[in-house]
Each structure stands twice: as structure tokens, then as C-alpha cells.
Amino acid sequence: MAMDSFSASLMKDKREIIIAPTIYKFANFGEFAQEFSLGERDVVLTNEFIYKPFMEQYNLACQFVFQEKFGVGEPSEAMIETMYETIPYDSYDRVIAIGGGAIMDLCKLLGCKRPDTVHNLYFKRFPVEHEKEVIAIPTTCGTGSEVTNISVAIVKDEKDGQLTGGETKLGLVSDDIIPNKVCLIPDLLKTLPYKPFASSAIDALIHATESYLSPSRKTMTSELFSVKAMEMILKGFVMIGEKGPDARLDYLDEYVTASLYAGVAFLKAGCATVHGMSFPLGGTYHVPHGESNYALFGKILEIYDEIKPDGELMNFKKLVASILGGKPEDAIATLNALLEKVLPLKPLHEYGFKEEDITGFPESVMINQQRLITNSYVPMTKELMERVYRECF
Ligand SMILES: NC(=O)c1ccc[n+]([C@@H]2O[C@H](COP(=O)([O-])OP(=O)(O)OC[C@H]3O[C@@H](n4cnc5c(N)ncnc54)[C@H](O)[C@@H]3O)[C@@H](O)[C@H]2O)c1
Ligand SMILES: [Fe+2]
């Protein structure tokens, strides 16, 4: 399939490192609120269960809005429409996102001019125009959304301009939606339960890996930021493998920093096959983002290793072996065994994936996820994708 013009434009982008936001680190929410003088023209989008323990005590005048009000889980067209209705555009000057990737992605939209419909925005029929300052504060250690130019939503799927009746996940991509400022407050991750912690940290590892292996778009970011992110995350996973889930609690600063590094890496080098193939899975069966990537990650690495074991993948295996021990030839198996200890892997059918999806999903990926598939370490075909889905089924 010929590359679409958007993917081609990404390939032509010569910039090596983009770190658009100014980045801060604070010990707690109070220090942040003081530094930024939060007030009534600020809208803070968060979850009630993050607000209560960390923010309520400060009695701030800002407009606190809880994502639960629009629905739970990952952003959808309906959720975004309700958010627009709940937060009138003229009621705020500054947007503050305090939450996981979903909340940060929603806040990127609050910073932009309102579109005619959310559907048109995601299908690039309405321009993205940034108008209000956005401050992103991640409370998971995964998406890197705080530094990226992407906002992901579950949208009604289209083929040749017609609705198919199904849903998929699409990334709205524009440098205009990169948050203006990022504040890392590791303290806020203390209440993150183990499962979303683990799946978000694995997501960050996948960002670092996919950008490291990105054949045509990798840049200095892969050498610097992907490598550092992989080292930090894998060291943390080794500690969890040895001491159990609570080992994460002394390492939250490293995790939230590593996921930001991985975000810097993939903003330029791009994510690839794992994300492309996980999007219909997440979109159709509402599998959380990190988990749907994890479901495919190990198998995709095994297939890369079978087809092209040398080249950049050999460097990746050497790096993994240097952290986890063992020989580079065994690094992918060792990595998959460690991840299994961090989060047990589930077969796709346990998420609701059906046998007909083995052939159906690759079609949707080829049409809608070109920007990701073009970064595949080995050229991605429908047949290879069918094999991945079948072997993960
Ligand atoms: N924009 C990007 O660059 C980018 C990249 C990857 C993924 N994404 C998107 O990000 C989303 C996934 O983000 P995520 O993995 O951070 O998950 P999430 O935002 O869905 O959060 C995971 C869960 O943890 C809870 N949670 C978050 N922080 C908490 C805390 N401190 N204490 C207690 N509970 C907490 C959330 O309420 C949620 O239930 C998806 O919608 C995905 O499509 C965006
Ligand atoms: Fe991701």
C-alpha cells in the first residue's frame, strides 16, 4: 500500500529533537499551585480520587472538573462532546491536566479552538488551532502525552469517507497540541494502583523500544532518550521481579521521568507496529492502552528477531542483555519472561477478540494506522499482522 501524504510528511521532517514544553519538577501539588498561582480562570481536569487526597486541602478557586463526569476510560467522540458542553470555552484561560494519558489527551483538546464536530477534527476535516495555555501533570508513568503532539480518541471508523458502523482509535497529530508546560510530581503516583502502574510503565517501555527500532525516522532522540528510558524502566522491573509490586514505590520519580524521556523519543522517531496493531483492539474491545500494546509486544519482537535479527535489533538485544543479564541472543525471551512477572500476559480472546478479527483488524490497520506502520522495524504486511494476531489469539 502506498504511503499516505501525512506519513510521508512525517518522514520528511528533519528535526532531530523536539522538547517543546518547559519542564518542572515539584515535591507535591501545593508547591506547583503556588508556583503557578492557580486561580479562578484555571480549569483543572482530573479525577475525583486524585483531587481528594492531593488537592482538596488547598481550597483553590480554580474550576475543578472530574473526568468521571463525561464517562470512564479512554476518550471517545461522545466523551469529548460532553466535555465541551460541561466546560464552556469562555470560562477559562488556562488548562491544567492532572491525570493519566486520557486526561492529558483531553486537555490538549481544551487548549484548542472548538471544532464543528469531534469526528471531523479526528478525520482532519477541521484544523487544529492552539489558543490557550496547557499545563500537563502526568499521574501515570506511561504515555509521555505530556510532551507529545498527539491526542488519541476512540472514534467511529470510516472507510472511503463512509462510517463502517465500527469504532477505532485515532491519533490527532499536530505540534500545536504539545502542552506548553509539564510538571512532574512523583508524589501524585503514590495512589496509582499496581495494574495501571504496570501497564503504563510497559507502554513507556514500548515507546522507547519502538522509537529505538524506528528504521527511517530514528534520530538523536533514540540514542539519548530511548536508551535512558529503557535502562530506567528495566532496572525498575528487575526490582519488582525480585521484591514484588511495592518495590515501585521508592522508584516513582524514575518511572515518571523515564516515561517523559520515552515520550520525547517517540515524538520524533514515532511509535510503530505494536501501537498500530493495538489500536483496533483498544478501539473495539476497550482494552486499556498499555495492556493492549503489551498483548502484542513480545510476539512482534519475536517476529522481528526471526526476520531481521541483526541491525538495530541486535543493539537493542545487547542493551537489554546488559541490564537483565544473559546473552543478547536470548534477550527477547529474557525480557518477555521479566514482563510476565511484572504483569501476566493474557491471550487476545480473553479481551473479547474474535477469530474473524485475525483478518479484519489488519485491514483497518493498513487503512488507518499508516503513520505507525511505516515505522515498523521490518516492512509490515497484512500476512505478518494476521500471524501476530493469530499467535496471540
Ligand atoms: N498522547 C499521546 O502521546 C499518547 C500516547 C500513548 C497513549 N495515549 C493515550 O493515553 C491513554 C492511556 O493513558 P494511561 O495509561 O496513563 O491510562 P489512563 O489515563 O486511562 O489511566 C489509567 C487508570 O489509572 C487511573 N489513575 C491515573 N492516575 C492515578 C493516580 N495517581 N491514582 C489513582 N488512579 C490513577 C485512571 O483514572 C485510570 O483508571 C489512552 O487513552 C491512550 O490512547 C496517548
Ligand atoms: Fe503508548
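One-based numbering, in listed order, for ligands and for the atoms of each. Along the sequence shown, residues carry numbers from 1.
Considering backbone and side-chain N/O atoms, T148 comes within less than 3.5 Å of an N/O atom of ligand 1. On a distance-only criterion, I103 and ligand 1 share no N/O pair closer than 3.5 Å. Taking distance alone, with nitrogen or oxygen atoms compared against 3.5 Å, L188 approaches ligand 1 more closely than that limit. Inclusion of S145 in the set of residues having an N or O under 3.5 Å from an N or O of ligand 1 is warranted. Taking only nitrogen or oxygen atoms, main chain and side chain alike, T191 reaches within less than 3.5 Å of ligand 1. At least one N or O atom of T139 sits closer than 3.5 Å to an N or O atom of ligand 1.
Closest approach of P138 and L184 over heavy atoms only: CG-CD2, 3.7 Å.
What sits closest to atom 37 (O) of ligand 1 on the protein, heavy atoms only, is F49 CZ, 3.0 Å. In this structure, the protein non-hydrogen atom closest to atom 16 (O) of ligand 1 is T140 OG1, 2.6 Å. Among protein heavy atoms, atom 26 (N) of ligand 1 sits closest to L192 CD1, 3.7 Å. Nearest non-hydrogen protein atom to atom 20 (O) of ligand 1 is A102 CB, 4.1 Å. Ranking protein heavy atoms by distance to atom 22 (C) of ligand 1, first place goes to P196 CB, 4.1 Å. If you check which protein heavy atom lies closest to atom 14 (P) of ligand 1, you get G101 N, 3.5 Å. Among protein heavy atoms, atom 43 (O) of ligand 1 sits closest to K169 NZ, 3.2 Å. The nearest heavy-atom contact from the protein to atom 9 (C) of ligand 1 is D105 OD2, 3.4 Å.
Below 4.0 Å from some heavy atom of H289 lie the following atoms of ligand 1, by number and element: 6 (C), 7 (C), 12 (C), 40 (C), 42 (C), 43 (O). Heavy-atom contacts of P193 reach the following atoms of ligand 1: 33 (C), 34 (N) (cutoff under 4.0 Å). Atom numbering of ligand 1 starts at 1 in the shown order; those under 4.0 Å from a heavy atom of P75 are 41 (O). Per-residue contacts place N47 under 4.0 angstrom from the following atoms of ligand 1 (heavy atoms of the residue considered): 37 (O). Near I150, meaning under 4.0 Å from any of its heavy atoms, are these atoms of ligand 1: 1 (N), 2 (C), 3 (O). Taking a cut-off of under 4.0 Å to the non-hydrogen atoms of V152, the atoms of ligand 1 that pass are 43 (O), 44 (C). Against a heavy-atom cut-off of under 4.0 Å, F266 is close to the following atoms of ligand 1: 3 (O), 5 (C). Shown in contact with K108 at under 4.0 Å from a heavy atom are these atoms of ligand 1, numbered in order with element: 1 (N).
By heavy-atom distance, the residue among T143, L170, I185, D203 lying nearest atom 10 (O) of ligand 1 is T143.
At the Fe ion (ligand 2), the vertex angle linking NE2 of H275 with NE2 of H207 is 90° (nearest 10 degrees).
Less than 4.0 angstrom separates atom 39 (O) of ligand 1 from none of the non-hydrogen atoms of the protein. At least one protein heavy atom sits closer than 4.0 Å to atom 2 (C) of ligand 1.
Of the possible polar contacts, none joining the S222 side chain to the Y212 backbone as a donor-acceptor pair under 3.5 Å is found. Judged by distance alone, the side chain of E129 and the main-chain N or O of K113 form no donor-acceptor pair under 3.5 Å. No donor-acceptor pair under 3.5 Å is formed between the side chain of S292 and the backbone N or O of L281. Checked by atom type and distance alone, the side chain of Y122 never pairs as donor or acceptor with a backbone atom of V155 at under 3.5 Å. E210 places a side-chain N or O within donor-acceptor distance of the main-chain N or O of T273, the cut-off being under 3.5 Å. Between the S91 side chain and the I87 main chain, no donor and acceptor come within less than 3.5 Å of each other. H130 contributes no side-chain N or O that, together with a main-chain N or O of I177, makes up a donor-acceptor pair within less than 3.5 Å. Within the 3.5 Å criterion, the main-chain N or O of K181 finds no donor-acceptor partner in the side chain of T22. Put simply, the side chain of N28 gets close to the backbone of E31: a donor and an acceptor are under 3.5 Å apart.
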**Request:** Could you walk me through whether S226 and K218 pass the side-chain hydrogen bond (donor to acceptor under 3.5 Å, both in side chains) test, one step at a time?
**Result:** CA-CA 10 Å; S226 303; K218 75 173 289 179; over 6 Å; no
**Asked** Stepwise, does the salt bridge (charged side-chain N to carboxylate O under 4.0 Å, His left out) test hold for D250 with K243?
**Response** CA-CA 12 Å; D250 295 328; K243 298 183 193 153; over 6 Å; no
**Message:** Run the side-chain hydrogen bond (donor to acceptor under 3.5 Å, both in side chains) test on D203 and H275 for me, step by step, so that the C-alpha distance in whole Å, both residues' side-chain angles and the decisive distance to 0.1 Å come before the verdict.
**Reply:** CA-CA 9 Å; D203 185 32; H275 276 76; 3.3 Å; yes
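No more than 12 heavy-atom neighbours from other residues, nucleotides or ligands sit within 6.0 angstrom of CD on Q162.
Nearest N, O or S atom of D203 to the Fe ion (ligand 2): atom OD1.
Ion pairing between E363 and K382 holds under the 4.0 Å rule for side-chain N and carboxylate O.
The nearest N, O or S atom of H289 is closer to the Fe ion (ligand 2) than 2.8 Å.
Between F54 and F29, the gap from one ring centroid to the other reaches at least 6.0 Å.
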